[in-house]
Number of protein chains: 2
Amino acid sequence: MDRLKILVVDDESRMRKLVKDFLVRRNYEVIEAENGEQAIDIFFQTKGIALIILDIMMPKVDGWQVCREIRQYSDVPIIMLTAKGDEKDELLGFELGVDEYISKPFSPKILVARVEAVLRRTAGIDEEVIEIGGITLDKAAHQLKIDGEPIDLSYKEFELLTYFVVNKGVALSREKILNNVWNYDYFGDARTIDTHVKKLRSKMGDKGKYIKTIWGLGYKFEVD
Amino acid sequence: MDRLKILVVDDESRMRKLVKDFLVRRNYEVIEAENGEQAIDIFFQTKGIALIILDIMMPKVDGWQVCREIRQYSDVPIIMLTAKGDEKDELLGFELGVDEYISKPFSPKILVARVEAVLRRTAGIDEEVIEIGGITLDKAAHQLKIDGEPIDLSYKEFELLTYFVVNKGVALSREKILNNVWNYDYFGDARTIDTHVKKLRSKMGDKGKYIKTIWGLGYKFEVD
DNA sequence: AAGAACTATGACGAATTTGTGAATTTATCT
DNA sequence: AGATAAATTCACAAATTCGTCATAGTTCTT
């Protein structure tokens with residue numbers, strides 16, 4: 001697998017370098033941003049950022065603001081860097097959807113431990129309920145809800161949509177889809193995927209457009 | 001229904017406050033204890049504590065000790081707070097009858113998810129009477145009532161319906177049903193389930209529709 | 001701009017799965 | 001043992017899903 005991308009946002013270059021060093025050593029790819037605006041720009045222009053480490057204290061656009069803006073569109077895990085263990089901060093943070101906290105100064109051990117804990121937790125592999133862009137997939141109940149309304153899907157349709165959502169943002173070839181949603185011993189026509197996609201899109205109404213066609217390749221699920 | 005009471009035991013007031021805040025927001029009633037002795041006193045003096053959240057590291061009487069004492073008299077669910085994900089701790093904990101584990105630091109998402117998972121898991125299991133959507137299952141009497149009217153069910157039918165109701169909202173494969181309602185050593189035809197479902201549905205009248213077919217998978221009990 | 005390559009869509013039928021009534025086996029009670 | 005009820009199996013009917021195909025539409029290439 002590719003190295004996971006982590007976006008580190010801090011106005012102090014010294015701090016960025018410190019964090020970057022530890023993470024690079026653990027084989028993560030680190031992208032830096034030196035202020036809130038830049039962070040937001042980079043986040044929305046860069047595909048596949050797995051985690052954001054965000055300093056609270058920054059001039060102009062502070063960490064909270066960045067967090068709020070990103071949370072409107074994304075559930076990417078966010079770890080906040082805070083100067084001191086401030087209770088009030090911590091509460092506000094969790095309310096905004098912050099996943100973790102690290103108070104400065106911190107040891108590299110703590111940093112790496114929290115990063116890996118968060119990534120493990122949000123890996124989304126074993127989650128029973130996946131929620132994204134108004135689409136809720138309850139794997140246990142095998143039930144799709146759109147904006148809270150239950151929508152009936154056939155078995156294959158549900159499996160296919162789940163595969164799309166779990167691999168959101170990733171371009172999936174027909175072959176890959178067949179191998180994962182169908183069985184490896186299925187040798188039918190790959191065009192059958194098109195038919196299922198068609199049904200999914202129509203059952204999903206507005207949200208159908210999240211299943212995007214990638215011409216010459218396959219499909220991709222993406223919430224803008 | 002009354003709010004469920006949760007006893008939070010931790011020597012750090014900051015941690016108690018944090019936990020309490022999240023739980024209160026989810027409409028639980030939180031009782032605090034700041035050490036092991038107090039926790040035990042409060043637990044045995046207070047009626048209807050539904051769950052205990054227990055820090056391990058406490059001066060004098062630690063979490064393990066509290067757990068042992070309570071377990072002598074009660075099966076109340078216990079969630080342990082541990083500083084780090086220590087496997088050895090976890091093993092000991094499960095031996096003592098700990099239901100779940102949360103390692104600090106944790107996000108509110110994790111906290112609430114585990115609490116509700118434990119409550120869900122332990123609810124309905126020991127209950128003698130389960131009531132949902134006009135359906136009343138009296139386990140002791142092995143009796144079904146619909147809108148107060150007693151309906152006779154055979155042994156298997158009752159067992160099957162109970163399994164459905166306890167696992168309401170969960171898609172159940174035939175295999176899973178066989179393993180749980182029949183025995184693991186049953187090697188008969190899975191289609192026998194269909195027959196029982198048919199009889200259940202017809203005996204349940206209107207309410208029969210709560211047993212839903214999930215085509216290609218199995219069944220699901222759900223009250224709309 | 002025309003043609004090639006690919007995708008979307010609607011319709012149809014085969015295949016699979018489930019529903020149902022009846023027959024058969026198994027268990028229970030007197 | 002015989003009678004009764006329950007559990008299971010069986011066979012066929014009904015329902016649903018899935019894959020294919022033909023056609024229409026779109027995007028890309030030259």
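Chain letters run A, B, ... following the sequence lines, proteins first, then strands; residues in each count from 1.
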N or O in side chain of A:R174 less than 4.0 angstrom from C:dC6 OP1/OP2: no
OP1 or OP2 of D:dA6 under 4.0 Å from side-chain N/O of B:S154: no
Rounded distance (Å) that lies between atom P of D:dT20 and atom NZ of A:K199: 16 Å
Sugar-phosphate only, base, or nothing, as touched by B:I214 at under 4.0 Å among non-hydrogen atoms: sugar-phosphate
Nucleotide D:dA7, atom C1' - distance to OH of B:Y186 in whole Å: 8 Å
B:K198 NZ - D:dA13 P separation (whole Å): 16 Å
Phosphate-side-chain proximity, A:R191 and C:dA8, N/O vs OP1/OP2 below 4.0 Å: no
B:W182 side chain near D:dA7 phosphate (N/O to OP1/OP2, under 4.0 Å): no
Most 5' of B:V197 and A:D194 on DNA chain C, judged by nearest nucleotide: A:D194
Interatomic distance where CG belongs to B:D189 and C1' belongs to D:dA11 [whole Å]: 12 Å
Separation of atom CG in A:L178 from atom C1' in D:dG19, rounded to whole Å: 12 Å
Minimum heavy-atom distance A:V66-A:A39, with the two atoms named: CG1-CB, 4.4 Å
Distances for protein N or O near nucleotides 22-30 of chain D N or O, under 3.5 Å:
none

Under 4.0 angstrom between B:T195 side-chain N/O and D:dT9 OP1 or OP2: no
Euclidean distance, atom CG of residue A:L217 to atom P of C:dT7 [Å, nearest integer]: 9 Å
Short side-chain N/O contact to C:dT17 OP1/OP2 from B:Y219, under 4.0 Å: no
Whole-Å distance separating the CD1 atom of B:I193 from the C1' atom of D:dT9: 14 Å
Atom-pair distance (NE2 on A:H196; P on C:dA8), nearest Å: 14 Å
A:L54 to A:G63 - nearest heavy-atom pair and separation: CD2-O, 3.5 Å
